[in-house]
Structures are given as C-alpha cells and as structure tokens.
Amino acid sequence: MAPGIIESEPAVSQQSTRSLATVTEGYDDTLRFYLNGTKVVLDDADPEVTLLEYLRGIGLTGTKLGCAEGGCGACTVVVSQFNPTTKQIYHASVNACLAPLVSVDGKHVITVEGIGNVKNPHPVQERIAKGNGSQCGFCTPGIVMSLYALLRNTETPSEHEVEEAFDGNLCRCTGYRPILDAAQSFSSAATGCAKAKANGGGGCCMDKEGGGGGCGKGSLDDGQPIKRFTPPGFIEYKPDTQLIFPPALRKHEFKPLAFGNKKKKWYRPATLQQLLEIKSAYPSAKIIGGSSETQIEIKFKAMNYSASVFVGDIPELRQFNFKDDYLEIGGNVILTDLEDICRDALKHYGEVKGQPFAAILKQLRYFAGRQIRNVGTPAGNLATASPISDLNPVFVATNATLVAKSLDKTTEIPMSKFFTGYRQTALPADAIIASLRIPVAKEKGDFIQAFKQAKRKDDDIAIVNAALRVELDDAQVVKDVSLVYGGMAPTTIAAKKAMEFLQGKKFTELQTLEGVMSALEEDFDLRFGVPGGMATYRKTLALGFFYKFYHEVLEKLDAEEADTQAVGEIERDISSGEKDHKAGEAYEQKILGKERPHVAAMQQCTGEARYTDDIPLQRGELYGCLVLSTKAHAKLKKVDASAALDLPGVAAWVDHNDVASPEANWWGAPVCDEVFFAVDEIFTAGQPIGMILADTAKRAEEAARAVLVEYEELPAIFTIEEAIEKESFFQHYRYIKKGDTDKAFAEADHVFTGTARMGGQEHFYLETNACVAVPKPEFGEMEIFSSTQNPTETQAYVAKVTGVAANKVVTRVKRMGGGFGGKETRSVQLAGIVATAAKKVQRPVRCMLNRDEDIATSGQRHPFLARWKVAVSKDGILQALDTDIFCNGGWTQDLSGAVVERSMTHVDGCYSIPNMHIRGRVAKTNTVSNTAFRGFGGPQGMFICETMMVEVADRLKIPVEEFRRKNMYSPETNMVTHFNQEIKDWYVPLMYKQVQEESSYQQRRKEIEEFNKTHKWNKRGLALIPTKFGISFTALFLNQAGALVHIYHDGSILVAHGGTEMGQGLHTKMTMIAAEALQVPQEDVFISETATNTVANTSSTAASASSDLNGYAIWNACKQLNERLQPYREKLGPDAKMKDLAHAAYFDRVNLSAQGFYKTPEIGYVWGENKGQMFFYFTQGVAAAEVEIDTLTGDWTCRRADIKMDVGRSINPAIDYGQIEGAFVQGQGLFTTEESLWHRASGQLFTKGPGNYKIPGFRDIPQVFNVSLLKDVNWENLRTIQRSRGVGEPPLFMGSCVFFAIRDALKAARAQFGEHEVLHLQSPATPERIRTSCADPIVKRAWVEPREGEKSFFVAI
C-alpha cells in the first residue's frame, strides 16, 4: 500500500452535519434482506463493509476475492430484486467485492452455497464439475453464479446469450472451452429448441407451418409441458424448483435508511424528494449508484467518503419514456435495462430514427461485464466524467440534454457543455442527475455511428472511443456535425477543427474526407510522451474511426466512392470445439487411461472447497498488511510507524528488527540475495519494508497507509537494453557450444542477423498469495498454512526467520487457486514475513494480498531479448546459429539463472542446426524480481527460434511451413541436440503432417490468399508451429519425490506425496495411480493435503514433472504394500475386497503403511563440458491457428486453432485436455493481449489488476478450438509412470501460433500498400502493435516521433 497519512475527505462541517442529521432524523437504521432463503435483520451493520466482506465474515467463503475491482468475477453472487424499471423480478449477477451492504436491503442474496451442495448439487454445478470446467476452482463459484443468473432470467437462453453470460468472469486454468460446453447444454440450441420433437416436445414452432412459423407466430400451445435437454447421466434442470423470491420481499417497504458510525455514514433515500433534501443539506455527500468506481477509490486510492448516499432504490430515477422526438431515461436506470430500453426504442422509432439507440446498444455490448452492467447507471457514468467512458461520446454527439434536479430547481444542461475538465462537470453542487433526454435521429439525412477499441474485446476499458454524427441535406451537403472522441484528451472531446471544416462541405466528395483527416491531425496532435502512451495508435484510431464512418455513410447513400470494405467490424461466431475422446482406448486399464473428472471438482463448484483464506479465524488472530516501497531505487532515510500504532485496533509493527538475526533476513534460491524486509536501501517499487498487524484487515490497511517513509531517490535501471548499456548483470553466465560456427558462417550461402524481443507475463492466478501462521505454545513450533507450490522451502525459511530447527515447523497446503510457477519461490516471501509477525506477537497472523500488492511483489515471466545470427544454405538448410540471450531478472536473481539456461536449451526449437554457439546472461534491473512461470524460459527460447525461422524464410522467399519441415530433426539427418542429447520417440514430423491434413491446412492457405486479394482492410493469416519441451528439473537434485501410503482397517487408503494441487489435477492422477496399483476403486483413495510432516524434503511442484516423480513414488509404495498383501490375496481369492485383506493383514501384525521414493534415472548435464543428459524425455506437439485482423483498428480474432499433443499414454485424457486447452490460451495471452507496463516517472508497475492487465476472456479463445492426442504409435524409450509424458508446460508455447498467424496476416496487409520489407514483430502482438505494423497511408500520416530527449509515458521492460 502507498505510505503517507490520508486525511478523511470530504471534511464535514458541524453545520452540515447538524442539518443532515435533522433531514434524516426519522430514517430507519435497520437493514432487512434475505440470504439463501433465510431472513436477515441487521441493526448494527458496519458501514465500511462490502457484501463480499459480510458474506465471508459470516462463514460463506464460497464467494471469493479475486481482484477487489469488479474485473474477474470470482466474487459473483446473485441479488434477486423487484426491478422498478421493468416491474418484474430480476436476478442480477453482481460483484460482491464492489457492492455496499446497504445495496441489498429489501433484496434476496443468493450465493453458491445457497443453490446446491456436493450431495445435492444444482445442475449448473454438476455439469461444470463433470464437464471438467473446474481446475483450480477459485473462479468457479463466480462462473456458476453467472450461469445460474442467466438461467433464472432466461429459462432457455440462446447460444449467444450463454456465451455472453460470462463476459464479467475470468478463468486462468481451463481455457474456457469446457465451461462453455457445460453451459451450452442449457441453451435452446442444445437440441435446437426446448419444444423440438427431437427433444420429446410437441414440436418447435419452426417445425410447423413449413418452417414459416417462429416464436410467437401461429399457435404453439398444444398443452404439452416443455421438456428440456438433459445430457445423459446429469440432473435435469427444472426452473420451477429453484429458490423462490421470498413472498415477504414482494411486500417490502423501502424505508429511508441511515446507519453508520463516526467515520462513515450511509443514507438510503427511498424517494427523489428525500435525496434532494439530503443533497441540499449536505451538497458534498457522495452519491453512489453501482459503486463500481467509488469502491475502487476507497480500496485503492484510500478515499474516505464520510457521508455516502445510495440511490439505487429510488423508483423515480429508474423510469423511461418514449416521447415523440426524444427518449427520456432516468439517471439511475441500470445499464442492463438500458440495453433492453434501446432495443425497444429501435422497434418504437424504427431503424433510421433509432440510430442513437443502436449506437448506445453497440457501446453497451462491450461495456464492462454483465455484473457491472447490472448495477452501473448512465448518471454514474456522467458524474465520474471518465475521459474514456464509452457512453459519454454518444450522449454528446447526439445532442442529448441532461436534466439536473436540486431541491428548489430543475436545470437542463446540454451534454456538449457538461464536461468542463478532467473528471469535472457542470453539475451544480446540490443537484443530482435526474434524467437524460436523447433526441431521435432525423427521418432523412442523419447518420450516427459509435466506435470503440480496447486491448481486449470484452469487459475492457477503451483506448479510444468515438460517436460520430453527420446531418446532410438533399444535395449531400453537411448541415450539422458532431465528431466526439474519448481517450484523446483529459475529457470527452469534440474534434472542433474537423467539425468546422465539414460544415457546409459536400460530404460525398473524396477531398472532403482528405480535409477532415488533415483537420483531425490538428485536433489530436498528440506528443510522443502523452499521458497514457500509445500516441501513434490513438491518433491512428481517431482517423481510422472517421474513415470507417465516412465510408459507411457513403455506402448508405449508394455512392460509388464508398470503400465498402472499411465498413463494419470483425464479428465472432459462437465458439465450438472437438476433442478425440477415444485417444486412450488402446491402453486403457481398469482406472488408468480413462477420462475422469477432477477429484475435487464438485466441492469447487459448490463453494465447499477450502483455500488458505477460507480457513476459519483462529482465536486472537491478527491481520497483516504490507507496507511496500513506492520508489524503484532509493536510500531508506526514515521509517516511522508511530502514527499507525496510535490508530484503533493496531497491535504491532513488524520489520527487519524482528527476524531471528540479521542473517535470517536473507532468503532466495539458489542464491540467497534477497531480504524479507528492506533495511537501508530500496531496489524496486513494491519491495516490503514492514508489516502492520491489526484486529481487522481494513484497520491494518488504513494503518499501513499511516506509516511514514522517507526516501532519497537513486538512479534506476528498468529495461534489458538499459542493463546491457550499463553492464548491469548478475554473475550467472552460461554458454553451449557445438561444432564450428565461425567456419559455418564463413562458408555459408546466406548469413542473416536479427533480434527477437518478447515481454513478460503476470501469472494472474485467481487466488493471490495468502498465508496463515499459527504459533504453538511449546518449543517455538509453528504451523504455516500457505498457498505455495513449495512447502519444503517455505518450511526452511520460516524456521530461519523464527530461529528454530525445521522440525518445529509444519507447512500445510490443501490446494491453491492457481500457481503457474508464481508460487514456487515468491510465496516464501509472504510466508517468511507472516511467520516473523506471528513469532513477534505470539498470536496467529493472516495475510492475503490484494491483487495490486500481489502483482507488485510476486514477480512475472521474464522478458527476453536475443540477438541472433544464422547461416543458411541456398536450398534452405540451416547451417549455424550464434545467439546472445538476455533475460530481465529484476532486482534479485531468484530462479533467473535456471530460466535463461532452459531458454538456451530450447533455442533450437524442433530444428537440427549442426553448429551452434549460445550465450545467456541475466540482466539486473530495479523491477520486481522475475520468477518461474509455466514454461520456465522454454517458450522464450522457442520464440527466439521461430522469430528467426519466419524472418529467414521471408528473406529466402520460401514458405515458412516448408522451411520448418526441411530443417526438423529426423533420423535421416540428425537426432542429437546442441546440448548433445539424443531425441527418442520423435513424433513431431508425423504430427506436423497430421495437423495439416486434419485441419485442411493447404486448402485454407489458398482460401486465405484469395480472401486477402479481395479484402483491402481485413486480412487473414495462418501459422503452423511445432514444439518440443524437455521434461526434468535442470537442477539434478530436484528430480526426486517421496510418498506415504496408509491402508486403514475399513479398506480405505490415505495417500500423501510431495506434490501440491493447484488445479492441474495432480491429486486426481495420483489417486488413480494408487487405485490401479492396489486394485481398488478410485473413490477408496484419498489425498488430504500436502504437508512437510508427512512427506519431507519435497521438491516444488513444477517443471511438468510432478506426475512422473510423485506417481512413481506412490507406485513404489503400493508395490511394497502389494508384496505384503500377496499372501492374503492368495488366501482370500482374487476378488477379495481391500477391507478384508487389510483386516486379515492387521491381525497378523503386517505393516499397512509404506513409504515410496523415486529419483529420475540417467540424467545429469554438465555445463561448459556440454555432456551428460539434460532431460529425461521431450513432450511434443504441433498447433495451427488462423486469425483475422482489422487493419484500421488493430482488432483481431482467432478463427480456428487445431492442436495435437504427444503426451504418451495419458493417465487421464480429460485432465490432459484441460491442461492443453488452458496452457494454449495462456500462451495466446502471453503473445497477444498481455502486456506489462511500468510508469516511467514513478518506476512503479502500472498494470496491477484486471482493469489494465488483460488476460484472455471467454470470447478471446479460438472460435473453433480442436484438440487431439497422438495415438497409434509406440513409445519404446519412454520409461515413465504408465509411459505418460508431462503435460503442464509444453502446450503453452503453441499459443504462439496465434502470434505468427497475426504476423502472417500483417504481411498481407503491408503488401497491400507496397511494403515488402521483412516484418520484425515484437511480442506481445497487442492491437496497438498490429495497427502500427500496417503500412497504410493512415498510419504513416498519424505517426508520432519523439522530440529530442522525449521519452514514452510507459516503459516495457
């Protein structure tokens, strides 16, 4: 949290307080609502508590905290209410993290626990669980509730409604495909229609009357009840058996409410008159509708609104009226209702006059997520005056009038005069926004269109948006014009010079277009370092939007000059996909090889699965809040916590003085170069300085802000390029040399050079780092509950900071809400700090990081830069590669050395290069310490390789697919890598061929060439990418695992192993292995948790090796038990139950516990000497992707992806498919939408939450998403458990095929305008990079060059 004492704002004058108290004297102070069908009456509600905090506080922990800004949907609940706009009951999915408790008065709150449990699940819960739609499970309750809300409001939703239902939810594990499949089983299209004959109904209305019917046309009541489609083996969904809306709430009287304490008071007027009285008495009272902006200000900006007025329950502000020449909407109509009102308005006024409402509808379609649209309002949008609001430009461009009301007058304010400055408006202090009058368009000559471009299509804030309107006379001369933009200035702004130019011009003449474009350049003359960055892109969008609009108008006027191909946007189809469910048939056993759901999926879907922060409060427990540095590099002059310690509820300040010794403050592996608490120097923004302990999380946060920190700033290094220039490196240096590169370059037909650059990636596991430390009264013992992939290292460092031996510390991990490598080492930091705090106060201490704190402290995937030089023969055969590889390690080494090593071993991709010299360095910078992330340097190494392959193929003018095929490792040429390891069981060439055949690759390549010839502004691209990924820890000692297996009297089996469960299905696979080995049903095997007192000295769960290592350890333990049980099997017969075997063995005093152990054989590479085996084997795969880009905006969609993986003999194909889909989408994010940016001036990370860091959403995945596993081959050399291959990391790089397909499309776009120079595209391929890589005249004229000494606003490290 940012240090510095925050004064309460606004300060309430005594007089205002008195008059406010007088006005609200008779108000009620009791909240009444229903929760999961039970009445709740609160007369002592805490005014600062959100709905989420209340729910979790009373033990309903199924609802999760994922981001605290309404951006991830993990906290989604349903609030059922009588809607005063529609006069019907509406079941609203809402973000509980934003909803103030006052907002649920008179409503029915339904949480995931309220709709079902493991024994009696709701059909939604069951289908997502059994359909493999839950992996780590942390996002699952929110996803369940979003689908539940849809079904409560729409009994048989369309496919489109199902797909759009999740636009406010994120998932980092599954790749979304299985969730959508489960959800679509409820759609009307599951069998066409709920009444279709195929579904046992009386016949769909479309079946009758020769198909000329349709819903509502003709007779469709045949007296038969509607029968819904239920997949075989699933519970039927019956709408009439759902939780009813409590009858008492239908009669609920909304009384005016006033409750709170000295610090904060809530007011909830029930009528407009009451609201105006409050506003008159106290003009600076904070008016709150959806709270989507206010709660973020309170949480992240420490704003304190002492008097808050909730206006969501005033019926007068939620009405609408169709007038002859305008639509009037109440200021507080929720945006979901506004969508329906606009649809009705289009029917009421017709398409031409209804153009303004079509524009609003278009902007609302991608406006935030459904949860925000269910509470957000037009008045909230207007009052916050965001310069990037999607609706405000439409209101301004359509000449809407805002009706403001105060107690004594009504004021009409034209929208063109409403915005007066950054976040400032012309609204009088004592007034509220009562309504908005939006004029209809003219019958003739009026044209209106809205535009928006963001980093991600769904649920994202705009980079630039616009509403453009022009009115023409019969001669096509401009009578009136409004060109209004957002994202181009500190306010919503009109392009004045362009509007002046257009007035009176003949619109259809092309010189008019040229004149407007020139005027727009003057209107938006952005400088390179403009706040928000992206100067060229934003300017290009302003011009591009007008270009699209101009030609759309010309098309409507049937003008010959119309460039019709510029019109419209890329639209997605309903996504679909196929999997080969027969892949494992050939090697299926009784249990192994079969598709089975995740063992805890049902618990996760019902909210019963426990995560670290769900552990019930311990007696005397305190909450910890970190105080983090705000400078990138500085001397720590002074840290003063005295003001914080004076605040109520604050128990202690913890810093470096509280660890067991100065040496104990140091941690890190393999190099101990990081401190838990800063001592006298700061090396990165977000470095922990200390921790405040208090009796509530809110008080701890408030006190953390009151800690005074003084700095003396020092020069900072951010980027790899800066580090190279200043020679700032860690000591770690590696090289691999094979053959004679100098000779190869001297003799080569062609030598090419180039660079490859890719950004990092935030892990964005849905559960942030969390820890509970419980000190014991004896021997200095401590119990640590941590969300970690590395229990043993956590145990070791907790022992170190508390000054005890490791045998006094137990680390326990039930499960994590995602990890992806981010909790391999970085979780140790929080555990060490929390343990130090618990030791100091001798009380339990809990801390779960906020999303922004987690991102600021926990490290990311390493950004990489490579400089390559390659030799190629004239027939396209690679001869030599010389590469310098640099990664940005951040301020400490962490695992950066091992990451750069793995990138060096993967820089060959799948290609045989006889002569190679690779060097790897780790740059030392003043940024967050980067760490392990799924792939661990492998994807970066392969990206360097594939960048080289596409650029060399372009220079040789040969198809890159052919260039790849020619150079692949093969038995005919070479099967030994540059680090001298022979590749065995090599099936990439086979899969390369199969994927092309199964995806009709060559035919589609021809179709795309044809498409690109006939489409000027939209281009398609295709790419085919192979992968090979080495499986093993490169640190030899980590390749070991232990397991403990107990058989109990009743025949049940308890397994403990060293691996942790983070959603990857490890426990599922391990129970299957034990069940198969001991010949018992899988249900009889249970894994309770991972703990350091059951299996000691474990390796972290990482490197895709956990199934191999722990699986064999379990198999080994079961083998011992089977040997001991063999005499009893012979005695009692082959069909004897385990219960009887165990019983008999126990009475013969036979040990029914066994400890297993496994270490990977044959491996052990020696650096420098370049000998010894690096990896146990390679997991392989091939993926193809097709994309379409809009070159005027940079918008894009993935039309199709086909993936084939060689995972050997899969232990559980369902789990493996989940890993492949999830990794692919995560990889797609890495190479496209996910961009980490630092604010140059402050040195702080800017992209610290879902608001500005964009992981792929439900509608970003490939529209057609096909996955299959390699089958019908032999794995002769694979000596793993079941002959399976590790699958967690290898598929991630295949997401790059989307990046290379975008590059392919960009080649066509550039060629369109005569640019044939080889394209060098950096990763990620954001819409900005896509747009600015096109070589069209618009981007050239909009290009912004930096002035002398000018630097960009943001920096990518």
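This one's a predicted model, so the numbers in the text were calculated from it and none came from an experiment.
Side-chain contact between W986 and K1028 is present, with heavy atoms from C-beta onward closer than 4.5 Å. Looking at I1025 and M1294, their side chains never come closer than 4.5 Å, going by heavy atoms from C-beta outward. Proximity of F933 to Q860: side-chain heavy atoms (C-beta onward) are nowhere separated by under 4.5 Å. Using a 4.5 Å heavy-atom threshold, the side chains of N930 and V899 count as separate. For the pair C1198 and I1261, the minimum side-chain heavy-atom distance is 4.5 Å or more. Side-chain contact check for Q994 versus L1270: some heavy-atom pair is nearer than 4.5 Å. A 4.5 Å side-chain heavy-atom check between Q1226 and Q761 finds at least one atom pair inside the cut-off. L766 places none of its side-chain heavy atoms less than 4.5 Å from the side chain of Y611.
Remark: the R127 side chain and the S185 side chain contain an N/O donor-acceptor pair separated by less than 3.5 Å. Checked by atom type, the side-chain pair Q1082/T1071 shows a donor-acceptor distance below 3.5 Å. Under 3.5 Å, the side chains of Q940 and S903 contain no donor-acceptor pair of N or O atoms. Residues T1090 and T1060 bring no donor and acceptor atom of their side chains to less than 3.5 Å of each other. E595 and Y1217 are not linked by any side-chain donor-acceptor pair at a separation below 3.5 angstrom, with hydrogens and angles left out of the test. For Q604 and T140, the side-chain atoms include no donor-acceptor pair closer than 3.5 Å. A donor-acceptor contact closer than 3.5 angstrom links the side chains of Y969 and D908. Side-chain contact, D1108 with T1280: no donor N or O sits under 3.5 Å from an acceptor N or O. Between the side chains of S896 and H862, a donor-acceptor pair is found at a separation under 3.5 Å. In this model, no donor atom of one side chain and acceptor atom of the other lie less than 3.5 Å apart for Q1282 and E1076.
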Does R1285 form a side chain to side chain contact (heavy atoms under 4.5 Å, CB included) with W1275? I'd like the steps, not just the answer.
CA-CA 10 Å; R1285 294 192 198 263; W1275 294 278; 3.4 Å; yes

Taking it one step at a time, do T931 and T825 satisfy side-chain hydrogen bond (donor to acceptor under 3.5 Å, both in side chains)?
CA-CA 8 Å; T931 190; T825 58; 3.2 Å; yes

Show, in sequence, the C-alpha distance, side-chain angles and deciding distance for F1265 and F1224, and conclude whether the ring-ring contact (aromatic ring centres under 6.0 Å, His included) test is met.
CA-CA 10 Å; F1265 196 0; F1224 180 90; 5.5 Å; yes

Check the pair S1104, T1179 against side chain to side chain contact (heavy atoms under 4.5 Å, CB included), reporting the backbone distance first and the verdict last.
CA-CA 10 Å; S1104 308; T1179 296; over 6 Å; no

Apply side chain to side chain contact (heavy atoms under 4.5 Å, CB included) to residues S1107 and M1070 and explain how you reach the verdict.
CA-CA 7 Å; S1107 290; M1070 296 305 99; 4.1 Å; yes

Does the side chain to side chain contact (heavy atoms under 4.5 Å, CB included) test come out yes or no for Y1001 and L1022, once each step is laid out?
CA-CA 8 Å; Y1001 190 88; L1022 197 56; 3.5 Å; yes

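For the salt bridge (Lys or Arg N to Asp or Glu O under 4.0 Å) with E767, the qualifying choice from K814, R815, K823 is K823, the only one to do so.
At distances below 3.5 Å, at least one donor-acceptor pair connects side-chain atoms of N1212 with backbone N or O atoms of R596. The backbone N or O of S1100 lies less than 3.5 Å from no partner atom in the side chain of E793, so there is not a single donor-acceptor pair. Side chain of S1099 to main chain of L1038: a donor-acceptor pair is present (N/O by atom type, distance under 3.5 Å, no hydrogens or angles). A distance-only check finds a donor-acceptor pair linking the side chain of Q996 to the backbone of Y992 [under 3.5 Å]. At least one donor-acceptor pair closer than 3.5 Å links the side chain of Y587 to the backbone N or O of S1210. Judged purely by atom type and a 3.5 angstrom limit, E1276 has no side-chain atom pairing as donor or acceptor with the backbone of N1274. Checking side-chain atoms of Q789 against main-chain N and O of G821 turns up a donor-acceptor pair under 3.5 Å. Side-chain atoms of K993 do not come within 3.5 Å of backbone N or O of P989 as any donor-acceptor pair.
The structure places OG1 of T174 at 3.5 Å from CD1 of I179, a figure rounded to the nearest 0.5 Å. Distance check: Y765 OH to S787 OG gives 8.0 Å after rounding to the nearest 0.5 Å. Note that CG of N1039 and OG1 of T1034 are 8.5 Å apart. Values are rounded to the nearest 0.5 Å. The structure places CG of L895 at 9.0 Å from CZ of R826, a figure rounded to the nearest 0.5 Å. For the atom pair CG of L1292 and CD1 of I1220, the computed distance is 12.5 Å after rounding to the nearest 0.5 Å. With rounding to the nearest 0.5 angstrom, the NZ atom of K1069 is 10.5 Å from the CD atom of E1061.
Few gaps surround CG on N1277; more than 12 heavy atoms of other groups in view lie less than 6.0 Å from it. The number of heavy atoms from other shown groups lying within 6.0 Å of CD (E578) does not exceed 12.
Minimum interatomic distance between P939 and R861 (heavy atoms only, all atoms of both residues): CG-NH1, 3.9 Å. Taking both residues in full, the closest heavy atoms of S858 and N769 are given as CB-ND2, 4.0 Å, listed atom of the first, atom of the second, then distance. Across every non-hydrogen atom of L1024 and A1184, the tightest pair is CD1-CB, 3.7 Å. Minimum interatomic distance between G1058 and T1098 (heavy atoms only, all atoms of both residues): CA-CG2, 3.3 Å. Counting all heavy atoms, side chain and backbone alike, S1106 lies closest to T1101 at OG-CG2, 3.2 Å. For the residue pair E946 and F1300, the shortest heavy atom distance occurs at CB-CZ, 3.5 Å.
Among residues two or more places apart in sequence or in another chain, the salt bridge (Lys or Arg N to Asp or Glu O under 4.0 Å) test is passed with D181 by R177. Residues passing the salt bridge (Lys or Arg N to Asp or Glu O under 4.0 Å) test with R172, sequence neighbours excluded: E1234.
Annotation: H1057 is not in aromatic contact with Y1158 [ring centroid separation under 6.0 Å not met]. Aromatic ring centres of F1033 and F936 lie farther apart than the 6.0 Å criterion allows. Residues F864 and F943 place their aromatic rings such that the two centres sit no closer than 6.0 Å.
Taking 4.0 Å as the cut-off between side-chain N and carboxylate O, K1254 and D1260 do not count as a salt-bridged pair. Using a cutoff of 4.0 Å between basic side-chain nitrogens and carboxylate oxygens, D1216 and K579 are not scored as salt-bridged.
Ring planes of H906 and F1029: tilted class, angle from 30 to 60°.
Figure legend: R964 and Y911 shown without cation-pi pairing, the cationic atom not lying both under 6.0 angstrom from the six-membered ring centre and within 45 degrees of its axis.
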